[in-house]
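Reading through the structure tokens given below for one structure.
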Amino acid sequence: MDAVDKPFLRALAGEAVWPPPIWLMRQAGRYLPEYRATKEKAGGFLELCLNPALSAEVTFQPLRRFPLDAAILFTDLPMLPWAMGQGLRYGQGGADGVGPILDPVRDAAAIEALTPGRAAQKAAPIMETVRRIRAGLEKDHPGVALIGFAGAPWTVACYMVDGRGGHGFPLARHMAEENPALLGRLFERLLEASEEYLVAQAEAGAEALMLFDSWAGLLPPEGFERWVVQPTAELVRRLRARLGPDYPLIGFPRLGGEGIPAYAGRVGVNAVGLDETLDPAWAAGAMPPGVTLQGNLDSKVLVAGGAALEEATASILSAMKGRPFIFNLGHGITPDTPIEHVAALVAQVKAAQVKATR
Ligand SMILES: Cc1c2[nH]c(c1CCC(=O)O)Cc1[nH]c(c(CCC(=O)O)c1C)Cc1[nH]c(c(CCC(=O)O)c1C)Cc1[nH]c(c(C)c1CCC(=O)O)C2
């Protein structure tokens, strides 16, 4: 199928496709028994991320269950610091929420020891995963687009400096306030690695790229400008120089609140992901007109299901009808999500039932 025939890519190009295309952050993950089995077969999460055949397999798993419009490369955000030479391991995961654990980078020596120029090469298994996913989509899911991704510099720096999540990244925030020159140098190196890593994904077959700034909301307004808006705008400028002015890019400044319309206007992305704290009707009115919106169902409502899910979905659809929009959650699917609720959500969006506004 021609790329321009994929509903997800048409929506990213600014078309008000209806019913809207839908995909879900963490659509491949622990709520699926087949994901848990494949991770076990790989021998662990990091092993899974470095195994192209099995990473491609878990990327396809949600597509076999639900008629989704996009697949997202299965890998993890800290794989970029890993590719720059930073030590990475995974804790228990699961309900305790212990995710990635990195050997922290907190001084000039550690920052200079990173190898951004070799990151795309070290990430070769991930690029092989991209090629396999794209080939599998062309064969078995021709209308489904492939999204590549990286963390945006601020969020990646949070993990690199603090070494782990779960505590609000006090050391990265402290560095932003007290030693901006040192953090600025880390950002320079991250921008270099991110550009190469993302261009390599596009060259391997990713049809759009998403920049996850999951911790954008931790910064005060001046910090949001300096560490979220400016570096992301610079990364977008470099990506457009390499991939062409029309290559589709999605930004996700999570919990960025009232800073998001300015982000949408200045960063130069085609689409902005909205988290669940934003009122969809406000967002539809506040964002610059040419920008596609993506979001923003509360993952907890997807866990709850039933009438609450139906109503929340209907109100997002009603706020977004008539503008370029991609249905998604406000953050990732959680492991306790019933599979039937995901099926019901996708069916409702595909039927695009829009209740009359009350
Ligand atoms: C901040 C961040 C990370 N990773 C990611 C982000 C940005 C988006 C966000 O805010 O969620 C991005 C990510 N992580 C994963 C994907 C690809 C799969 C998909 O979205 O379908 C993507 C796009 C797989 C994953 N990444 C992780 C899992 C679970 C690991 C397991 O199976 O044991 C998966 C499927 C682990 C991970 N990785 C990370 C955390 C905080 C955790 C632990 C929390 C959790 O367990 O959900 C870092």
Side-chain angles (χ1 to χ4, degrees), residues 22-51 54-63 65-66 68 70-82 88-102 126 129-130 133 144 146-160 162-169 172 197-198 201 206 208-218 250-256 273-276 294-295 299 328-337 342:
I22 175 170
W23 71 281
L24 303 169
M25 290 185 275
R26 294 282 166 94
Q27 63 191 24
R30 286 160 295 177
Y31 75 108
L32 293 176
E34 60 270 33
Y35 167 82
R36 299 194 298 267
T38 308
K39 184 172 80 173
E40 190 154 331
K41 186 173 161 196
F45 182 70
L46 189 57
E47 291 76 6
L48 174 58
C49 288
L50 292 171
N51 183 320
L54 296 183
S55 286
E57 164 60 22
V58 297
T59 305
F60 298 135
Q61 286 170 349
L63 307 180
R65 285 184 181 264
F66 319 111
L68 297 160
I72 185 160
L73 164 66
F74 188 87
T75 186
D76 205 13
L77 178 142
M79 294 309 291
L80 178 62
W82 172 85
L88 168 65
R89 63 190 191 283
Y90 280 84
Q92 274 309 88
D96 63 356
V98 179
I101 302 168
L102 296 106
I126 294 171
T129 304
V130 174
I133 299 168
V144 176
L146 174 55
I147 307 166
F149 79 93
W154 165 250
T155 290
V156 179
C158 281
Y159 285 97
M160 293 179 83
D162 276 80
R164 54 166 295 180
H167 296 98
F169 306 97
Y197 181 67
L198 289 164
Q201 290 182 34
L209 294 167
M210 179 151 164
L211 305 171
F212 285 91
D213 224 341
S214 306
W215 302 108
L218 293 176
I250 309 168
F252 182 39
R254 193 172 76 92
L255 303 177
L274 307 173
D275 65 75
E276 68 282 356
Q294 172 174 282
S299 314
N328 206 314
L329 301 176
H331 201 194
I333 297 187
T334 56
D336 55 342
T337 304
V342 180

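In listed order, ligands and their atoms are each counted from 1. Fair warning: this is a prediction, and the values are worked out from it, not measured in the lab.
Heavy atoms of T334 stay at 4.0 angstrom or farther from ligand 1. Judged by the shortest distance from any of its heavy atoms, G332 lies outside the 4.0 Å radius around the atoms of ligand 1. Ligand 1 has no atom lying under 4.0 Å from any heavy atom of F252.
When non-hydrogen atoms are compared, ligand 1 lies under 4.0 Å from neither the backbone nor the side chain of P62. Contacts of I72 with ligand 1, taken as heavy-atom pairs under 4.0 Å, involve the side chain alone.
Taking only nitrogen or oxygen atoms, main chain and side chain alike, Q27 reaches within less than 3.5 Å of ligand 1. Looking at H331 next to ligand 1, an N or O pair under 3.5 Å apart turns up. At under 3.5 Å, not a single nitrogen or oxygen of R254, backbone or side chain, sits near a nitrogen or oxygen of ligand 1. Residue G29 places no N or O, backbone or side chain, under 3.5 Å from any N or O of ligand 1. By the 3.5 Å distance cut-off applied to N or O atoms, R26 is counted among the residues near ligand 1. Checking only distances, Y90 never comes within under 3.5 Å of ligand 1, N or O to N or O.
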Identify every side-chain donor-acceptor pair in residues 149-160 under 3.5 Å, counting partners at least two apart or on other chains, and give the distances.
unit_1 : atom_1 : unit_2 : atom_2 : d
W154   : NE1    : W215   : O      : 2.9
T155   : OG1    : D213   : OD1    : 2.6
T155   : OG1    : S214   : N      : 3.0
T155   : OG1    : W215   : N      : 3.0
Y159   : OH     : W215   : NE1    : 3.2

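With respect to R65 and E34, a salt bridge is recorded, a charged nitrogen being found less than 4.0 Å from a carboxylate O.
Between the side chain of N328 and the main chain of M25, a donor-acceptor pair closer than 3.5 Å is present.
Ring geometry for F66 against Y31 counts as parallel: the plane angle stays under 30°, on a 0 to 90° scale with 60° as the upper cut.
Proximity annotation for atom 15 (C) of ligand 1: of L46, V156, T75, T38, T75 comes nearest, heavy atoms only.
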